[in-house]
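As structure tokens, the structure follows; a few thoughts come after it.
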Amino acid sequence: MVPLPSQVARAILTRGFWSSTLTTHPGYTWYLERLHATVGAALAETGAEKVDLVGHSAGGWLARAYIGSAE
């Protein structure tokens, strides 16, 4: 599911976005869901137990948010 522009705008206008807080505000949830699916596919295809996440800028934030949301 791709977010509506209004969802992304609401997320960008939160204090957490600008203070580098790792938030999973609904405006960002779809990114985490897609990353989770991609990691799952990589693990299934390779038979590995772990993956390395490499990101730059927003990709680095996304990787940290994903790791921080792991249960």
For the CG atom of Leu62 and the NE2 atom of His56, what is their distance to the nearest 0.5 Å? 14.0 Å
Testing the basics here: between Ala42 and Val51, what is the closest heavy-atom pair and its distance to 0.1 Å? CB-CG1, 4.2 Å
Would you mind reporting whether Leu35 and Leu53 have side-chain heavy atoms less than 4.5 Å apart? yes
Can you hop from Val54 to Val39 via hydrophobic side chains spaced under 4.5 Å? no
